[in-house]
Amino acid sequence: MINFFYETDFKLDNEETLSSWINQVILSENKSEGEINFILCDDDYLLKINQDFLNHDTYTDIISFDNGMGNQLNGDIFISIERVRENAIDFSVSVDEEMRRVLIHGVLHFCGYKDKTEDEKNLMGLKENEKLLMFHVEH
């Protein structure tokens, strides 16, 4: 089950469409959907999580906590709306497109993709683009 929770005034207006797409992405990676919680919040909320749980004192767009079991994806994905909005401007894309990229970035982490090394970042970017195209094909 895909859940969306809000710790900010921002609200997604297409939760059902996004959930269906995310499920298709999960299936395309030969995984199964467990319980994935997306928590949309502001910079300060996510900074506190970054400090408390990861000992990082920096702003970020996403933090994911993987609780997967075997092939079933489970976990919490925290997303800063402020970072998504700023990234959308920086990358010259719509907020909706950047939101989809960040949502699927978290799911791809649960699928086992990393982004620490340059090679991992390149593969992650390719996978993000591949999965973003599925949104347009499926919907």
Side-chain angles (χ1 to χ4, degrees):
M1 169 173 264
I2 306 288
N3 301 301
F4 296 95
F5 299 99
Y6 302 93
E7 296 293 334
T8 179
D9 291 339
F10 178 90
K11 301 283 187 265
L12 296 168
D13 59 3
N14 55 349
E15 286 182 10
E16 190 174 310
T17 302
L18 289 169
S19 293
S20 175
W21 168 60
I22 292 165
N23 181 263
Q24 291 304 310
V25 166
I26 291 168
L27 293 174
S28 77
E29 290 292 323
N30 298 311
K31 305 288 185 184
S32 66
E33 178 185 311
E35 186 165 348
I36 299 174
N37 299 308
F38 291 96
I39 302 94
L40 285 75
C41 56
D42 63 19
D43 272 348
D44 291 336
Y45 189 100
L46 198 52
L47 177 61
K48 179 103 173 89
I49 290 171
N50 214 4
Q51 293 166 334
D52 291 349
F53 294 96
L54 303 175
N55 295 318
H56 296 156
D57 194 23
T58 57
Y59 289 108
T60 187
D61 53 356
I62 181 173
I63 295 176
S64 56
F65 294 97
D66 186 351
N67 298 317
M69 295 178 275
N71 238 20
Q72 187 181 71
L73 304 187
N74 296 281
D76 298 321
I77 299 172
F78 294 84
I79 297 172
S80 168
I81 299 307
E82 291 165 281
R83 292 298 100 221
V84 168
R85 287 178 174 147
E86 189 171 297
N87 288 347
I89 293 167
D90 290 347
F91 300 130
S92 300
V93 298
S94 70
V95 171
D96 286 345
E97 183 174 339
E98 183 60 16
M99 177 59 72
R100 287 191 298 271
R101 181 176 299 279
V102 174
L103 289 167
I104 219 59
H105 182 90
V107 172
L108 287 169
H109 273 307
F110 290 173
C111 291
Y113 296 97
K114 310 280 185 226
D115 57 4
K116 296 295 181 205
T117 69
E118 206 57 41
D119 285 345
E120 290 172 343
K121 287 178 188 176
N122 290 337
L123 179 58
M124 178 67 87
L126 289 171
K127 289 306 247 180
E128 287 171 0
N129 291 335
E130 172 190 310
K131 303 313 180 187
L132 285 168
L133 288 174
M134 289 175 64
F135 184 86
H136 300 290
V137 170
E138 296 295 325
H139 304 289

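F110 approaches S64 most closely through the heavy-atom pair CE2-CB, 3.7 Å. When all heavy atoms of E130 and E29 are compared, the closest pair comes out as OE2-OE2, 4.3 Å. Nearest heavy-atom pair, I77 versus G106, reported as atom, atom and distance to 0.1 Å: CD1-C, 3.6 Å. Residues M99 and V84 share a closest heavy-atom pair of N-CG1, 3.8 Å. Annotation for M124 and K114: closest pair CB-O, 3.9 Å, computed over non-hydrogen atoms. Counting all heavy atoms, side chain and backbone alike, Y45 lies closest to D42 at N-OD1, 2.9 Å.
Distance SG/C111 to CG/N71: 9.0 Å, rounded to 0.5 Å. The distance from atom OG of S92 to atom CG of N87, rounded to the nearest 0.5 Å, is 11.5 Å. One finds the NZ atom of K127 at 3.5 Å from the OH atom of Y113 (value rounded to the nearest 0.5 Å). Here the OG atom belonging to S20 is positioned 11.0 Å from the CG atom belonging to N14, to the nearest 0.5 angstrom. Distance check, rounded to the nearest 0.5 Å: CG of N23 to CE of M1 gives 11.5 Å.
Cluster membership for L12 and V25, using ILVMFWY side-chain heavy atoms within less than 4.5 angstrom, is shared. Both Y6 and V102 sit in one connected hydrophobic cluster of ILVMFWY residues. Membership requires side-chain heavy atoms under 4.5 Å apart, directly or through other members. If you chain together hydrophobic residues whose side chains sit under 4.5 Å apart, L126 and L132 never meet in one group. Grouping the Ile, Leu, Val, Met, Phe, Trp and Tyr side chains by contacts below 4.5 angstrom, directly or via other members, places L73 apart from F78.
The shortest side-chain heavy-atom distance between I36 and I26 falls under the 4.5 Å cut-off. Between L18 and F135, the closest side-chain pair of non-hydrogen atoms falls below 4.5 Å. For the pair F38 and I62, the minimum side-chain heavy-atom distance is 4.5 Å or more. Considering only heavy atoms from C-beta on, W21 comes within 4.5 Å of R100 through its side chain. For the pair V107 and K31, the minimum side-chain heavy-atom distance is 4.5 Å or more. You'll find the side chain of K131 stays beyond 4.5 Å of the side chain of I22, heavy atoms only. Within the 4.5 Å cutoff, no side-chain heavy atoms of F91 are placed close to those of E97. Side-chain contact between Y59 and D44: present, with at least one pair of heavy atoms (C-beta onward) separated by less than 4.5 Å.
For CG of D90, the number of neighbouring non-hydrogen atoms (other residues, nucleotides, ligands) closer than 6.0 Å is greater than 12. Within 6.0 Å of NZ on K11 lie more than 12 heavy atoms contributed by other residues, nucleotides or ligands.
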- [ ] Evaluate the side-chain contact (heavy atoms from CB on, under 4.5 Å) criterion for residues L123 and D119: first the C-alpha distance (whole Å), next the side-chain angles of each, then the deciding distance (0.1 Å), finally the verdict.
- [x] CA-CA 6 Å; L123 179 58; D119 285 345; over 6 Å; no
- [ ] Could you walk me through whether H109 and D66 pass the side-chain contact (heavy atoms from CB on, under 4.5 Å) test, one step at a time?
- [x] CA-CA 8 Å; H109 273 307; D66 186 351; over 6 Å; no
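Each of K48, R85, R83 was evaluated against D43; a single residue qualifies, R83, per the salt bridge (Lys or Arg N to Asp or Glu O under 4.0 Å) test. When each of I39, T8, L103 is checked for a side chain to side chain contact (heavy atoms under 4.5 Å, CB included) with I79, only L103 meets the rule.
Side-chain contact, H105 with D61: no donor N or O sits under 3.5 Å from an acceptor N or O. Side-chain contact of Q51 with D57: a donor-acceptor pair under 3.5 Å is present, judged by distance alone.
For T60, the side chain to side chain contact (heavy atoms under 4.5 Å, CB included) criterion is met by L46, N50, I63, not counting sequence neighbours.
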